[in-house]
Amino acid sequence: MFDFIKNKDDKNIYAPVTGKCVDITECSDITFSQKLLGDGFVIIPEDDLIYSPCEGTIAMIFPTKHSFGIRMKDKTEIIVHIGINTVDLNGVGFEMLCSVGQKVKKGTTIVKVDNKLLKEKGYDNSVIVIVSESYQVHKKHLNEIVKKGETIIEGQYEDY
């Protein structure tokens, strides 16, 4: 009876890692906290594996492996940025487990991060998830411990 719902593309954005979820405005980097790249959320990770927060295609992997982008089927762009100033590590501490052009689903393993190394070198290891400006963001579970795969942003569907 409700098959039309099952066929809709999943527009939700999920926690890419287990940890404490906070609003992007609490990020220690003003580029993110002032939403200059878009709205989103931050997770202070408890794990070293970062998973896809949505279904789509890997559109970009930064050469230093600390950031990647996913384009959802509806063309919404998601950026996942791991750590603050971790670009300075030049890829050390990051192992990419996917490639540009690869189709991913929620929960696909994307990158392994050596959080112990990041902390030893004094880096903030926050995982920042940014949604393109055109997306209406309705956040859940802020200031809570979330498990990877838990819905953080509920996607908005067009009216029929």
Side-chain angles (χ1 to χ4, degrees), residues 11-135 137 139 141-153:
K11 293 186 179 186
N12 291 339
I13 300 177
Y14 303 90
V17 64
T18 297
K20 184 174 182 184
C21 183
V22 298
D23 193 72
I24 197 163
T25 58
E26 295 184 38
C27 185
S28 62
D29 185 315
I30 63 169
T31 300
F32 301 115
S33 66
Q34 292 184 357
K35 302 181 185 179
L36 298 177
L37 300 176
D39 204 348
F41 58 92
V42 176
I43 296 183
I44 296 97
E46 294 180 359
D47 302 318
D48 287 344
L49 293 176
I50 308 300
Y51 301 89
S52 176
C54 60
E55 184 174 337
T57 303
I58 300 293
M60 175 276 299
I61 298 173
F62 207 78
T64 55
K65 305 174 195 165
H66 75 287
S67 182
F68 61 91
I70 299 174
R71 182 170 295 113
M72 296 172 73
K73 287 182 182 179
D74 70 354
K75 306 299 182 214
T76 299
E77 295 182 356
I78 308 298
I79 297 171
V80 178
H81 189 281
I82 306 159
I84 304 298
N85 297 321
T86 50
V87 66
D88 297 340
L89 291 171
N90 228 9
V92 174
F94 299 93
E95 178 185 354
M96 222 12 105
L97 304 172
C98 66
S99 57
V100 171
Q102 180 178 334
K103 294 201 180 307
V104 294
K105 294 183 179 184
K106 166 194 135 185
T108 301
T109 309
I110 304 294
V111 62
K112 183 175 182 181
V113 181
D114 187 343
N115 281 310
K116 183 179 176 189
L117 175 80
L118 268 59
K119 288 178 183 177
E120 285 173 358
K121 292 191 174 280
Y123 288 92
D124 176 336
N125 68 336
S126 295
V127 177
I128 303 127
V129 179
I130 305 151
V131 184
S132 62
E133 293 178 24
S134 60
Y135 201 77
V137 176
K139 302 170 198 173
H141 305 295
L142 295 179
N143 302 311
E144 297 177 16
I145 300 295
V146 296
K147 298 209 179 294
K148 82 166 175 73
E150 195 165 347
T151 303
I152 307 299
I153 297 176

Problem set entry | Non-hydrogen side-chain atoms of Asp47 and Lys148 separated by less than 4.5 Å | no
- Message: Using side-chain heavy atoms (C-beta onward) and a distance below 4.5 Å, is Met96 in contact with Phe94?
- Response: no
To the nearest 0.5 Å, atom SG of Cys21 lies from atom CG of Asn143 at 8.0 Å
When rounded to the nearest 0.5 Å, the distance separating CD1 of Ile70 from CD1 of Ile78 is 7.5 Å
field: Beyond-backbone contact of Ile61 with Val111, side-chain heavy atoms, under 4.5 angstrom
entry: no
Separation between OG1 (Thr76) and NZ (Lys11), nearest 0.5 Å, reads 6.5 Å
Would you mind reporting whether Cys27 and Ile84 have side-chain heavy atoms less than 4.5 Å apart?
yes
Non-hydrogen side-chain atoms of Thr31 and Leu37 separated by less than 4.5 Å:
yes
Closest non-hydrogen contact found for Gly93 with Leu117 is CA-CD2, 3.7 Å
query: Can you tell me if Thr151 uses its side chain to pair, donor with acceptor, with the backbone of Tyr14 under 3.5 Å?
result: no
Tightest non-hydrogen contact, residues Ser126 and Val42, listed as CB-CG1, 3.6 Å
Scanning both residues in full, the closest heavy-atom pair of Ser52 with Val104 reads OG-CG2, 3.5 Å
Within the 4.5 Å heavy-atom criterion, are Ile82 and Ile50 side-chain neighbours or not?
yes
Correct closest heavy-atom pair for Thr25 and Lys35 would be CG2-CE, 3.7 Å
Please confirm whether the backbone N or O of Gly83 pairs with a side-chain atom of His81, one donor and one acceptor, at under 3.5 Å?
yes
Query raised in the report: How about Val127 and Pro16: do any of their side-chain heavy atoms sit closer than 4.5 Å?
Result: yes
In this structure, OG1 of Thr86 is separated from CG of Asn125 (nearest 0.5 Å) by 9.5 Å
Hits for ring pair (Phe, Tyr, Trp, His ring centres under 6.0 Å) against Tyr123, two or more places apart or cross-chain, chain-then-number order -> none
Closest non-hydrogen contact found for Ile152 with Ala15 is CG1-N, 3.6 Å
Kindly determine whether Lys105 and Glu55 satisfy salt bridge (charged side-chain N to carboxylate O under 4.0 Å, His left out), including the steps that lead there. CA-CA 4 Å; Lys105 294 183 179 184; Glu55 184 174 337; over 6 Å; no
dist Lys106:NZ -> Ile13:CD1 (nearest 0.5 Å) comes out at 13.0 Å
Q | side-chain contact (heavy atoms from CB on, under 4.5 Å) between Lys121 and Leu89, worked out | A | CA-CA 9 Å; Lys121 292 191 174 280; Leu89 291 171; 3.7 Å; yes
Between Lys147 and Thr18, the two heavy atoms sitting closest are CA-OG1, 3.5 Å
Contacts of Asp23 meeting salt bridge (Lys or Arg N to Asp or Glu O under 4.0 Å) (sequence neighbours excluded), chain-then-number -> Lys139
So SG of Cys98 and CZ of Phe68: to nearest 0.5 Å the spacing works out to 6.5 Å
